[in-house]
Peer 1: 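What follows is a single structure, and I will ask about it in a moment.
In this text the structure is predicted, and so the values were computed from the model without any measurement.
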Amino acid sequence: MSIRNRIAVSFATLFAVTMLAGCETGPEVKSEAPAPQTVATAPKQEVKKPAGPVMPKGVTVISTEALKALVDKGSEAGNYLLFDSRPAGRFNAATIPTSQHLTDAEMEKLNKEGKVASRLGDDKNKLAIFWCGGPT
């Protein structure tokens with residue numbers, strides 16, 4: 001047998017032995033990965049909408065629908081005055097039809113000068129509505 005044949009047979013034998021040994025069951029390897037975690041969820045609770053800002057005595061909150069109905073009638077027929085208390089830039093960009101611009105600062109100034117009544121008018125039965133960009 002030539003040396004070349006001996007080497008080829010040796011590699012074939014070595015390959016066969018490795019293949020047979022590889023089929024043997026080896027030691028069990030445990031994964032080090034943490035167990036999958038789940039997020040516990042609390043039962044869904046009904047989210048209650050806040051009742052709104054605390055208003056001074058005699059002051060109430062008007063709904064959007066009620067205000068729309070008044071605006072559709074017009075300020076004379078609806079017997080109301082609507083004041084937009086937002087800054088001038090926002091008032092000039094967009095406002096509710098029939099609203100007048102009256103900021104808190106201007107209201108305080110008119111109050112100090114005793115001229116608030118001139119902006120509110122003589123009819124004490126008119127509904128005065130003030131609105132701004134927030135809930136208060």
Peer 1: Would you indicate whether E76, at its atom CD, is surrounded by more than 12 heavy atoms from other residues, nucleotides or ligands within a distance under 6.0 Å?
Peer 2: no
Peer 1: Do you reckon L81 sits in the same ILVMFWY cluster as M107, going by side-chain contacts under 4.5 Å, direct or chained?
Peer 2: yes
Peer 1: Rounded to the nearest 0.5 Å, what separates atom CD in E108 from atom CG in L110?
Peer 2: 10.5 Å
Peer 1: Using only atom types and a distance under 3.5 Å, with no angle test, would you say the side chain of H101 pairs donor to acceptor with the backbone of N92?
Peer 2: no
Peer 1: Test side chain to side chain contact (heavy atoms under 4.5 Å, CB included) on K68 and D72; report intermediate values, then the result.
Peer 2: CA-CA 6 Å; K68 183 180 180 326; D72 289 344; 3.0 Å; yes
Peer 1: Just wondering, are more than 12 heavy atoms of other shown residues or ligands nearer than 6.0 Å to CZ in R90?
Peer 2: no
Peer 1: Rounded to the nearest 0.5 Å, how far apart are CD1 of I96 and CG of D84?
Peer 2: 7.0 Å
Peer 1: Show, in sequence, the C-alpha distance, side-chain angles and deciding distance for R119 and Q100, and conclude whether the side chain to side chain contact (heavy atoms under 4.5 Å, CB included) test is met.
Peer 2: CA-CA 10 Å; R119 281 301 296 268; Q100 303 173 35; 3.5 Å; yes
Peer 1: Are L82 and L102 grouped together when hydrophobic residues (ILVMFWY) are joined by side-chain heavy atoms under 4.5 angstrom apart?
Peer 2: no
Peer 1: Go through the steps for L127 and L70 under the test side chain to side chain contact (heavy atoms under 4.5 Å, CB included), then give the verdict.
Peer 2: CA-CA 10 Å; L127 179 63; L70 285 174; 3.9 Å; yes
Peer 1: What's the separation between atom CH2 in W131 and atom OG in S85, rounded to the nearest 0.5 Å?
Peer 2: 9.0 Å
Peer 1: In this structure, are over 12 heavy atoms from other groups packed under 6.0 Å from D122 atom CG?
Peer 2: no
Peer 1: Side chains of F83 and L120: closer than 4.5 Å at any heavy-atom pair?
Peer 2: yes
Peer 1: Could you tell me the separation between the OG atom of S99 and the OH atom of Y80, rounded to the nearest 0.5 Å?
Peer 2: 8.5 Å
